[in-house]
There are 2 protein chains.
Amino acid sequence: MRSSIIDVAEKAGVSIATVSRVLNGSDKVKAKTREKILAVINEMKYAPNPAARGLIMKKTEAIGLLLPDLHGEFFSEVIRGADEVVQQHGYHIIVSSSHNDPKEIEAALRFMRGRVDAIVLMSPQVNAEILLENLPKSLPIVLLNCRTDNKHFDTIVIDGYGGAREMTNYLLDLGHRRIAVITGGETNLESEERLRGYRAAMSERNVAPSRLLEFQGNFTEISGYETAREILKLKNHPTAIFAFNDSMAIGAIKAIREEGLRIPSDISICGFDDIPVARYISPSLTSVHVPISDLGAMAVNRVFDRLTKRSKDSTAHVFVPTKLCLRSSCKKINTISNLDKEEHVA
Amino acid sequence: MRSSIIDVAEKAGVSIATVSRVLNGSDKVKAKTREKILAVINEMKYAPNPAARGLIMKKTEAIGLLLPDLHGEFFSEVIRGADEVVQQHGYHIIVSSSHNDPKEIEAALRFMRGRVDAIVLMSPQVNAEILLENLPKSLPIVLLNCRTDNKHFDTIVIDGYGGAREMTNYLLDLGHRRIAVITGGETNLESEERLRGYRAAMSERNVAPSRLLEFQGNFTEISGYETAREILKLKNHPTAIFAFNDSMAIGAIKAIREEGLRIPSDISICGFDDIPVARYISPSLTSVHVPISDLGAMAVNRVFDRLTKRSKDSTAHVFVPTKLCLRSSCKKINTISNLDKEEHVA
DNA sequence: ACGCTAAATGTAAAGGTTTACATTTTTGTA
DNA sequence: TACAAAAATGTAAACCTTTACATTTAGCGT
């Protein structure tokens, strides 16, 4: 049986209003009274009921964070970045994963409604705009890598186009021409942006981008593995594989190894995201650096900007640049032997 | 301005009780009335206020998960395992990290009180028992790798002793004698258990365990890196390093590489936990396998056992076994050259 | 048509807080 | 000492739901 503010008031010989006042530190209460009440609170181990408080205050001190998945280091870093900022404000995080399923997104959103003061939503695959319409307009929402042109929401999006373009250019500079990509889900915004960047770079350098070199994964390690196996079955396999995230690159590396090929001497491979372990895998993975934990931190910071009315009405739209991060999984192509091979094929 | 159950009742021409009844599906309501109400709810996009509901129901449909940290794949896997189970029950997770700081644990616990239906606490370093005393007795609590002998809580603990012992034996079998360890935090239960296992194995095999081979890290990658640098400064450095978790092993690998040493030919290294990336780093990391995501899942399953009264009163105490996972970061010692070295020293 | 029972619906209290407004106590001043 | 003003404290409404209990309506047999 939990004790309520009434019990405290009785025991301290004051009214509940006074107790409430010392609880909220706001109004002026005589020092002696305050001490007395504090003592009683301590003694009874009283803690205010958040539901009752939330009911009247319409504040929860929690932020909802809805991610597409919880596998791997990427999302863990986003959570970490978000949690760090949130903790500075005395807030907390409610996480959920949607598995890119509209039903699950809806369920999570419904759950969060009324339970959080703001929502950070990452949904690159499922267009969640319709689902967001049921939420009260007063609830700040930050969209992370979501497909939207709705100016009503704050948005943060990674420059997938630029990053992929730069990476593709780098591979072209190394002499690669048959560059395969492993994409993410079909309707996935991140994947589409990266694909756009890849195709742009290929075209610009007059290497006709072939659909036959575009293989569909789904951003999971296992899909990287399986797709790479497909790719290696081609009789004249590509000289480089560009996986659209590091997890798939890691899966691909496994497949390549199993095929007895060496990286990067037989085939080059690179990823996207630059998750922390990228530098430690073998060989260290060339990737497109994304400030992952900053993503979470930025989103939450934006939330608090809104919450503190500093920027109540105006929405912000942040475009996060990426940076090439060169390691040892890609290598200049051996032009001679490559020409050799090409002749064989021709 | 959010609409309440009263608005719905008015618009549907019924009382709030009837609306509440269709909302909770429990009582019998005439089919026609139900339809009418459902239509209005849909039209108004009404959603019940969780605070009001929580106030009267004393149920939140949320589980608190308090972890020591959010860095790295270990915790991310715990969260994933927990989230999976929790989602099956239509529940959600509130995560928080304590950074092994009693103040932060207390803050998180205070926040969770009244906001969650149960708490899963992982606190191997800080003894949180005192902090748990302020919580209502009715709140189910599952302790993950916590130091406690309080039979009132459910507990799940990993067999750190057995795992470390087995790993040490394996290294001894490979011919290693000077085996250094990188431990976790000083008062960390996991670290202590693993240390106990290491020492036991050494003693049993008549290799006097020397305190000079026990180096203190803190389970972070950077501490693994720095500690390994220390170790390599020894003029007759150990032939094997056993890091008490994989993150530190990864940090150590970096330090070893920088020193120009090859793994495992110059020095063997192994970790603990077997986080998913362990198999992908270079060289693939020999480690003690822990069913990480199962840990989160088990804890949450236990919570629901309690919540559904299936095992209301009796607490469960689970001991999770580990399994050696051999990969390529450890190698049989070259006995000749090793004896050589030993003679040099002697 | 009547009365009885069962089904459907309504009424009102309870849950624990905050806070505007009302009241009491304290303080300072003449 | 008495009075006004300021400070401290108290009262009660509001927040939104669920549910025990009360009331109305419907269904049935005679």
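Judged by the 6.0 Å distance and 45° axis criteria, B:Arg302 is not positioned over the aromatic ring of B:Phe304.
At the phosphate of D:dT17, OP1 or OP2 sits under 4.0 Å from a side-chain N or O atom of B:Tyr46. The phosphate of C:dT9 has neither OP1 nor OP2 within less than 4.0 Å of any side-chain N or O from B:Thr18. A close approach under 4.0 Å does occur between a side-chain nitrogen or oxygen of B:Ser20 and OP1 or OP2 of D:dT18. Between A:Ser15 and D:dG10, a side-chain N or O to OP1/OP2 separation shorter than 4.0 Å is present. For A:Asn49, no side-chain nitrogen or oxygen approaches OP1 or OP2 of C:dG15 to under 4.0 Å. For D:dT9, the OP1/OP2 oxygens have a side-chain nitrogen or oxygen of A:Thr33 closer than 4.0 Å. Proximity of B:Lys58 to the phosphate of D:dT18: no side-chain N or O atom is located under 4.0 Å from OP1 or OP2.
Residues that satisfy the side-chain contact (heavy atoms from CB on, under 4.5 Å) test with B:Ile56, not counting sequence neighbours, are absent from this structure. For A:Ser20, the side-chain contact (heavy atoms from CB on, under 4.5 Å) test picks out A:Ile5, A:Asn24, with sequence neighbours left out.
Of the possible donor and acceptor atoms, none in the side chain of A:Arg113 sits under 3.5 Å from a partner among the backbone N and O of A:Pro136.
When the P atom of C:dT11 is taken as reference, atom CD of B:Glu10 falls 12 Å away, rounded to whole Å. As rounded to whole Å, 16 Å separates atom C1' of C:dT9 from atom CG of B:Leu23. Atom CD1 of A:Ile5 is separated from atom C1' of D:dA12 by 14 Å (rounded to the nearest Å). Here D:dT18 presents its P atom at 11 Å from CG of B:Leu55, a figure rounded to the nearest Å. Straight-line distance from the NZ atom of A:Lys59 to the C1' atom of D:dC15: 16 Å, rounded to whole Å. Rounded to whole Å, atom P of C:dT18 lies 11 Å from atom CD of A:Glu61.
Salt-bridge annotation for B:Lys11 and B:Glu43: present, with a side-chain N of the basic residue lying under 4.0 Å from a carboxylate O of the acidic one. Between A:Arg306 and A:Asp154 there is a salt bridge, since at least one side-chain N of the basic residue sits less than 4.0 Å from a carboxylate O of the acidic one. Between A:Glu35 and A:Lys32 no salt bridge is recorded (no basic side-chain N to carboxylate O distance below 4.0 Å). Between B:Glu61 and A:Arg115 there is a salt bridge, with a side-chain nitrogen of the basic residue lying less than 4.0 Å from a carboxylate oxygen of the acidic one.
Rounded to 10°, the helix from C:dA1-D:dT30 to C:dA30-D:dT1 has 40° between the axis fitted to its first five pairs and the one fitted to its last five.
Along DNA chain C, the nucleotide nearest to B:Ala51 and the one nearest to B:Ala17 differ in position, and the one closer to the 5' end is contacted by B:Ala17. For the pair B:Ile56 and A:Ile56, nearest-nucleotide mapping onto DNA chain C gives the more 5' position to B:Ile56. Mapping A:Ile16 and A:Lys30 onto DNA chain D via the closest heavy atom, the residue that lands nearer the 5' end is A:Lys30.
The side chain of A:Ala52 approaches C:dT17 more closely than any other nucleotide in the set C:dT9, C:dT17, D:dT18. Comparing atom distances between the B:Met57 side chain and each of C:dT9, D:dC16, D:dT19 picks out D:dT19 as nearest. The listed nucleotides are D:dT17, C:dT9, D:dT9; the one nearest the side chain of B:Pro48 is D:dT17.
Contact of B:Arg53 with C:dG15 (side chain to base): no donor-acceptor pair of N or O atoms is detected under 3.5 Å.
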